[in-house]
Amino acid sequence: MRAPARQPGREHGEIRSIGGDGRRRRQLLRHCWPLAALLVVLAVVPTRVGGQVTPLQTFYLDWDNVPTTPPTSKNLTANCNCDLREQACDVGCCCDPLCPSGLNELFTDEGICLPQGPDQPQITYCVPNDAVVKVNLPSNSDFYVIVKQAADVAFWSELLCIADDSNPSLGDNYPDPPVGPVGDNQNLAQCPPAQSPPLPATQYQFMSYVFAQLPNATTVPLTVPYPAFSAECSNEFILGFLLSVPVGTLSFYQSCQRDLTQYNPASVCSSPGLLSPQFYSQLRFLTGRGSSVTPGTFTVVKTQFLDPATGNLTDLGVALPSSSFSAGVCRNIVRYMNMTFFYTLDNPAAETTPGYIDAIELTFVLTDFTVSNTPFTQGVRVAWLETQVPQPVEVIASGNPGYLTGWPVLAGALTQLNETGRTAISQFVGGMPIPMPAMRGSCDPTALGSVRYGTNITTTCSYTLTPAQLADFCVNQANTPEKYVRLALGSMYDIITTEQLQVGIWGNSELTNVNQWLQVELSGYPFSAPIYSESSRACSGVITGFDLQVVTGVAFSSNNLQQKVLYAQLCFKTGVWEYSSTLMSQSSMRFYLNFTASFIRIPQQAETTKKPAPPLVVPLPYNIFYPFLAMDSAGSAVAPSVWALVLALVASLGLALMRA
């Protein structure tokens, strides 16, 4: 684009402010920038909001370049899409006329020019060698370019040379549509209708709000914690009929975080506060069968307690303990909630058939949490199951049958029923776990992520130790070099070291079929005692994490490949924890654990599969020559006389064909 003439006194740009009285004031910038060509000149246009002036940045406006009568048309033939700066060179835009030609040639030769846009339509005419023949070339235009070239030496090219075209085709072009409230413009842009508060539904339909009733009989939409606009939990996410949370099966729970310093812990952490299980268990749900039907009660089917120190889960049955707050700790608050709806449809084949909620079951995982360690993470799952086909356990797969890339690797612990000797898999809800950093990067046995198929991952968390604590760990606890890895893994550590850990071979491996699971091989165990150096304050031989290596492959048709796990090995890693010499003896230092998961694809070569060739001799039924068959005593062998008869018939048929 062509740059306007430079105005005197504007070498360094200016900021122009337009006041409320319409007078213009100028203030020159006193800063000289080294790259003046890259300077974007801004102006400030104050906008009045609530009686105050709030500046909004705008580009500099030179009134000397404003025409009295602006043109009404726009040149649409430009095809240099990378030329976007009006007064300077767009570096790398090889079609920008303001860029140095040598620079454009350099970028062109290197093949690194910015995308310029499509080429203009081209009309090609051939010019024969015969000087008597003239060509009728139309006048040039911005819409296309004229190319003149000699005719090809090929015979047909010289005979069919285009020398005159009074109506050349320029390709398809879209007419420039008018702007403003004309044609379909105004019809297509319609303001949404004003929304009314949702009314309790007497009948549910797909996506309609689900309603519940408070203990005081007030009817409200049913909400669950949800990261509506950020990672922070929103308390206003309304559940819709037949809409699951989370959407899809990539994660089992939908997680969000709460900053407990923004709440009154004594209120939200005490029953029936927002974080207590009683907040949901005391509700009643509207069935959708009409106002005359009594609202249903939420049924608690399972409660567990997650120990924040060890990561162990303890079954509490169906009883809900009271939540409370004391000494800065919220006790028995909801860490995970699984809400399962059982529903019925009038006509499953209809698109807008009424639906009803028959029951809602709740499963809670409760925990204790120190408010000073905020944020607190909550996980919610909402599932819908048809009442006619009850499913006592909802198991989420990671493929059908092969793994989907990015979905959790199925994992579990091998378990056995002593009475019968049968074995099965106690499958983990979130797939193969891997420690994740918790608050301030610390290790926490309750902060576990998932290993996802085909996705390499490295996680790091830390423990803070003083020199005395490091020496005590390395010398007095030399028989437990895995101490901190054990703390970070929680109950997973025993499952790994007792070689009970299993991974699913297929994305939908069944937990009831152990043949569809693969034992994770263990390497680097048992451990050797660590060695402590007093002079360098270093502990060698510390177990610092693990590396999970998963070998994968594919099977089946090339257009429908099914991914599977072929082998898995978990290697414990050892390292050195050395206290920095620059720190005082009383200071503490972070020491890190590192956990990785790597996927290795075996080299495979596709094999061409062909349908078996048809047999050379078509098999015939054994009694085709009845009654001339002669069977043995077993009734299965043909006598030699029959074979002779067969050969005679075949020979006769061959002679007949030859004569024909």
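- Residues that satisfy the side chain to side chain contact (heavy atoms under 4.5 Å, CB included) test with F279, not counting sequence neighbours, are L274, S276.
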Side chain to side chain contact (heavy atoms under 4.5 Å, CB included) between I543 and T574, worked out: CA-CA 4 Å; I543 306 303; T574 60; 3.5 Å; yes

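- For the side chain to side chain contact (heavy atoms under 4.5 Å, CB included) criterion with L306, the lone passing option out of T314, L366, T446 is T446.
- In this structure, the side chain to side chain contact (heavy atoms under 4.5 Å, CB included) partners of D346, at least two apart in sequence or on a different chain, are T353, P354, Y356.
- P481 and F473 get closest at one heavy-atom pair: O-CZ, 3.8 Å.
- Applying the salt bridge (Lys or Arg N to Asp or Glu O under 4.0 Å) rule to pairs touching residues 459-486 yields E482-R486, R486-D494, sequence neighbours excluded.
- The CG atom of L283 sits 8.5 Å away from atom CG of L362, with the distance rounded to the nearest 0.5 Å.
- Using modelled atom types, one finds a donor on one side chain and an acceptor on the other under 3.5 Å when comparing T582 with S580.
- Among all heavy-atom pairs drawn from D315 and Q304, the shortest one is OD1-NE2, 2.8 Å.
- When each of Y226, Y209, F341, F211 is tested with L239 by the rule side chain to side chain contact (heavy atoms under 4.5 Å, CB included), just one qualifies, namely F341.
- Between Y579 and L465, the closest heavy-atom pair is CE1-O, 4.0 Å.
- A side-chain donor-acceptor contact under 3.5 Å links S323 to the backbone of N332.
- The distance from atom CD1 of I425 to atom OG1 of T423, rounded to the nearest 0.5 Å, is 7.0 Å.
- Atom CZ of R422 is surrounded by 12 or fewer heavy atoms from other residues, nucleotides or ligands within 6.0 Å.
- Between V268 and Q262, the closest side-chain pair of non-hydrogen atoms is not below 4.5 Å.
- Closest approach of F595 and G545 over heavy atoms only: CE2-CA, 3.7 Å.
- Here the side chains of P435 and L489 are in contact, with some heavy-atom distance below 4.5 Å.
- M436 and L448 make their closest contact through CG-C, 3.9 Å (heavy atoms, listed as atom of the first residue, atom of the second, distance).
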Show your reasoning for whether side chain to side chain contact (heavy atoms under 4.5 Å, CB included) applies to C330 and V371. CA-CA 7 Å; C330 293; V371 174; 3.9 Å; yes

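- Shown here for S462 and R590, the closest heavy-atom pair between the two residues is OG-NH1, 2.6 Å.
- To the nearest 0.5 angstrom, L511 atom CG is 9.5 Å from Q516 atom CD.
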Name the atoms and distances for all side-chain donor-acceptor pairs under 3.5 Å in residues 227-234, with sequence neighbours left out.
unit_1 : atom_1 : unit_2 : atom_2 : d
S230   : OG     : E232   : N      : 3.3
S234   : OG     : E236   : N      : 3.3

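- With sequence neighbours left out, the side chain to side chain donor-acceptor pair (under 3.5 Å) criterion links N456 to no other residue.
- Looking at L320 and S281, their side chains come closer than 4.5 Å, going by heavy atoms from C-beta outward.
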Residue pair I602, V551: steps toward the side chain to side chain contact (heavy atoms under 4.5 Å, CB included) verdict: CA-CA 7 Å; I602 65 167; V551 180; 3.2 Å; yes

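- In this structure, F285 CZ and I357 CD1 are separated by 6.5 Å, a value rounded to the nearest 0.5 Å.
- Proximity of a side-chain donor or acceptor of W506 to a complementary backbone N or O of N400 within less than 3.5 Å is not detected.
- Residues satisfying the salt bridge (charged side-chain N to carboxylate O under 4.0 Å, His left out) criterion with R331, sequence neighbours excluded, are D368.
- Residues I333 and F325 are not in side-chain contact: their nearest non-hydrogen atoms beyond the backbone lie 4.5 Å or more apart.
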After noting the C-alpha distance and the side-chain angles of Y343 and F241, does the key distance pass the side chain to side chain contact (heavy atoms under 4.5 Å, CB included) rule? CA-CA 9 Å; Y343 69 93; F241 187 73; 4.2 Å; yes

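- For A438, the side chain to side chain contact (heavy atoms under 4.5 Å, CB included) partners are S442, D444, A447, not counting sequence neighbours.
- Remark: the backbone N or O of L470 is not paired with any side-chain donor or acceptor of R537 at under 3.5 angstrom.
- Contact annotation: the side chain of M339 approaches that of I360 to within less than 4.5 Å [non-hydrogen atoms, C-beta and beyond].
- In this structure, Q254 contributes its side chain and P246 its backbone to no donor-acceptor pair below 3.5 Å.
- Screening residues 544-568 for salt bridge (Lys or Arg N to Asp or Glu O under 4.0 Å) gives no qualifying pairs among residues at least two apart or on separate chains.
- Taking CD of Q563 as the start and CG of L404 as the end, the distance is 8.0 Å to the nearest 0.5 Å.
- Under the ring-ring contact (aromatic ring centres under 6.0 Å, His included) criterion, the residue pairs touching residues 402-430 are Y403-Y453, with sequence neighbours excluded.
- For T374, the side chain to side chain donor-acceptor pair (under 3.5 Å) partners two or more places apart in sequence, or in a different chain, are D259.
- Between S244 and W384 the shortest side-chain heavy-atom distance falls below 4.5 Å.
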Scan the side chains in residues 517-530 for donor-acceptor partners under 3.5 Å anywhere in the protein, sequence neighbours excluded, and list what turns up.
unit_1 : atom_1 : unit_2 : atom_2 : d
W517   : NE1    : E510   : O      : 2.8

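- How far CD1 of I457 is from OG1 of T455: 8.5 Å, rounded to the nearest 0.5 Å.
- No hydrogens or angles considered: nothing links the side chains of T367 and R335 as a donor-acceptor pair under 3.5 Å.
- Proximity of L548 to L570: side-chain heavy atoms (C-beta onward) are separated by under 4.5 Å at one or more points.
- Screening F591, Y493, W577, Y592 for a ring pair (Phe, Tyr, Trp, His ring centres under 6.0 Å) with Y484, the sole residue that qualifies is W577.
- For S536, the side chain to side chain contact (heavy atoms under 4.5 Å, CB included) partners two or more places apart in sequence, or in a different chain, are S533, A538, E578.
- For the pair S491 (side chain) and N312 (backbone), a donor-acceptor distance under 3.5 Å is absent.
- In this structure, the side chains of R440 and N373 come closer than 4.5 Å at one or more pairs of heavy atoms.
- In this structure, Q378 contributes its side chain and P225 its backbone to no donor-acceptor pair below 3.5 Å.
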